[in-house]
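Letters A, B, ... mirror the listed sequences (proteins, then strands); counts begin at 1. FYI, side chains are in, hydrogens and waters are out, and symmetry mates aren't considered; it's all heavy atoms of this structure.
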Amino acid sequence: MDNPLDRILKQYPNTRRDNLLPLLQDIHDSLGYLSEESIIKVSQHLSLPSSKVYGVATFFDQFHFEPQAHFVIRICSGTSCHLSGSAEIMDEFKKTLNIRPGQTTRDGVFRLEEVPCLGACGLSPIVEVNGESHTGFSVQQIADLVEACKENVA
Amino acid sequence: MDFEIEVNNRKITAHQGETILSALHRNGIQVPTLCHMENFTPTGACRMCMVEVEGKSDLIPACSHPVEEWMKLKTHSPRVVKARKTIVELLLANHPDDCLFCVRNNNCELQTLAAELNVRERRFPGKKEKHKIDPSSTSIFRDPEKCILCGRCVRVCEETIGVSTVDFIGRGHSTIIGPTFNKSLNLSNCINCGQCIRACPTGALHEKSHFPELQEALHNPDIQVVVQYSPSIPVTLAEEFGMKAGKDINGILNGILRKIGFDKIFDTAFAADLYTVELAAELQQRIDSDEQLPLFTSDCPGWVKYVEQFRQNLLPNISHCKSPQQMMGTLIKQHYAKEAGISPDKIYSVSLMPCTAKKFEAQREEMTHKGISEVDAVLTTRELAAFIKLNGIDVSDIETEFSDKPYGEKSSAGKIYGVSGGVTESVMRTLYYKNMGRELTPKKVKKARGSKGQREGSLKMKNLELHYAIINGMGHAKELLDEIEKGESKYHFIEVMACPGGCVNGGGQPIDSRKEDIKARGKELYKIDDQSSINRAHRNPHLDSLYENLLEAPRSEISSRLLHTTYKKRDVLP
């Protein structure tokens, strides 16, 4: 059976090493991250040492090496959002999800990130969920938001 | 084409196309470097070799910049020296302050540079990165906190050995050097050759050591400690004590080892003779039956592991002979023990090797018999020197002595195993004699010698023209191995040494070995061969009596049981 990884590799019959980055990008787009298996298969496909492939991949921030969460929650900690209470929002998210910024919940549903500014200071505080902005956010909305996300996954 | 450039207000001659650094060094102008390695691709990573060029606003790295006709350089102007000093200060900002405890104390390039550049205060109290040490490998100990990211290990592993176990991981200040997925070395595809240790300017890489166990054994009255040393040890050790490279101190080494307290001293070159005779018989058999040719040598444990990992369909072509170290180990634990009336578990068998992969080989499960290792501890040349100092031996005050019977006598053909091509030469001498009933004269097998990465030659015997090839450094193996895997090879016999130059340039040899030193060691081995009266393995009289008393004949049932081994596929990352 064809798994997505093999399908992508098949699209690169040319095994020159300059295919490395496009290949990694395609795999990342498809799987959401670069698994150990994908690094190994890319090495074999391009006849490159796996240390080189891993070295190149880790050079770029765009690549992740763990499965990504269903929902990435970004909380702005810029000046304006901070003054509007983003720190309390962050604290509440930490308590509710039981993770710190930069971590993913064990079930892989949520990831929490602190970001310096989302560029909409007039609408602070801002919480972004998978790229969708929730402006004028308040601590009271957290429980509902989390519930809605969980239902969406189920 | 040559032209003149001006350096520090004096004219020097430069060659068109060379780097600034090469022109400077040739003219005796020293510029410090950390990442530079001769004959490797320059990377310009460390910026220690920066020089000031008139008319250029920035300093430029001498190692990676071609020399040009109009250039006027300053190599030690205040600006340059300040820049270099700052680089060292920045490196030290993130470096553990434990020189006194470091294996490379007094032999560290970073420490030397800090002293030369007169770094006397901590200008940058940087945050020290915390990294886990990696003690997992049987041969190589990794301490990433001491790594300065010069990349020399990365390049040597890729360009010299062709394995690429390690590479840069991450980027910017969080960069580290490590194996794929930053896993530990024992899980990686490392072949344990140790060339990275020799390349490392600091204490980030060093060999795994067994001093305490050895000290225990030496001071335990119930244990007999038996030592063997590789052919290249006696022609290298002198350098560790300030003597000139290539000086043979075999007799002194025997004296030193006895003074330390080793009970029996054997010469691995004796086992090399045994290896030659067994290998020649195996080659003869394969040629007669025209099966599994070419036959590859099996004495280099780095090479053997390489095949087990990367060229598994060539495994049947590797000789079944154990390496000389392991043959000697077997003889010590099984033959010598019986003769001397000692139980094998009361013998501690030590081997002194120019190699870190031998540490790996010694603990392979194939190399134990009823749970008892044939070789209990392997010390590199560097460790041997340290061990001699630890035991307070004054090497300038030692009488020369002989090694012990029955495995102390060797032919000089066993001695040249230390240099690339030596195994081939020894096997050809013996195989010729077995086929023709007379000695190969002259004994020198000219085409087996030399420093080229790949050499080949042939030997005419009766109706057979035997073709042999020598791979001198694993980095040169790929093309030939590809050919062989495709079945397009005329060769009968192929010798492979993972380290270029052979064991004289092994990963366990002195850190600061220069090219000339390595050459001098090889030259000395050939000189010993020229001056020796017993210079063919099959002429070793002690070997005859070993076959008479124990082994019967090469490849006999008993000799196969004791001296031959098997290999296994190892699944590792590509």
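Checking side-chain atoms of A/T104 against main-chain N and O of A/G108 turns up no donor-acceptor pair under 3.5 Å.
Looking only at side-chain heavy atoms (C-beta outward), A/I40 and B/P574 come within less than 4.5 Å of each other. Side-chain contact check for A/I75 versus A/E113: every heavy-atom pair is 4.5 Å or farther apart.
What you find for B/I197 and B/L205 is that their closest heavy atoms are CG2-O, 3.7 Å.
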Are there donor-acceptor atom pairs under 3.5 Å between chain A and chain B, and if so which?
| from | atom 1 | to | atom 2 | distance (Å) |
| --- | --- | --- | --- | --- |
| A/E36 | OE1 | B/K183 | NZ | 3.0 |
| A/E36 | OE2 | B/K183 | NZ | 3.4 |
| A/S50 | N | B/P574 | O | 3.0 |
| A/S50 | OG | B/T180 | OG1 | 2.8 |
| A/S50 | OG | B/P574 | O | 2.8 |
| A/S51 | N | B/T180 | OG1 | 3.0 |
| A/S51 | OG | B/S164 | O | 2.6 |
| A/K52 | NZ | B/E158 | OE1 | 3.1 |
| A/K52 | NZ | B/D167 | OD1 | 3.4 |
| A/K52 | NZ | B/D167 | OD2 | 3.4 |
| A/T58 | OG1 | B/G170 | N | 2.8 |
| A/F59 | O | B/R171 | NH1 | 3.0 |

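With a threshold of 4.5 angstrom between heavy atoms, B/F168 approaches chain A through N, CA, C or O but not through any side-chain atom.
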Mind listing the side-chain donor-acceptor pairs of residues 93-100 of chain A below 3.5 Å, one per line with the distance, residues two or more places apart or on another chain?
| from | atom 1 | to | atom 2 | distance (Å) |
| --- | --- | --- | --- | --- |
| A/T96 | OG1 | A/E92 | O | 2.6 |

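Summarising the geometry, atom CD1 belonging to B/I511 is positioned 8.0 Å from atom SG belonging to B/C200; distances are rounded to the nearest 0.5 Å.
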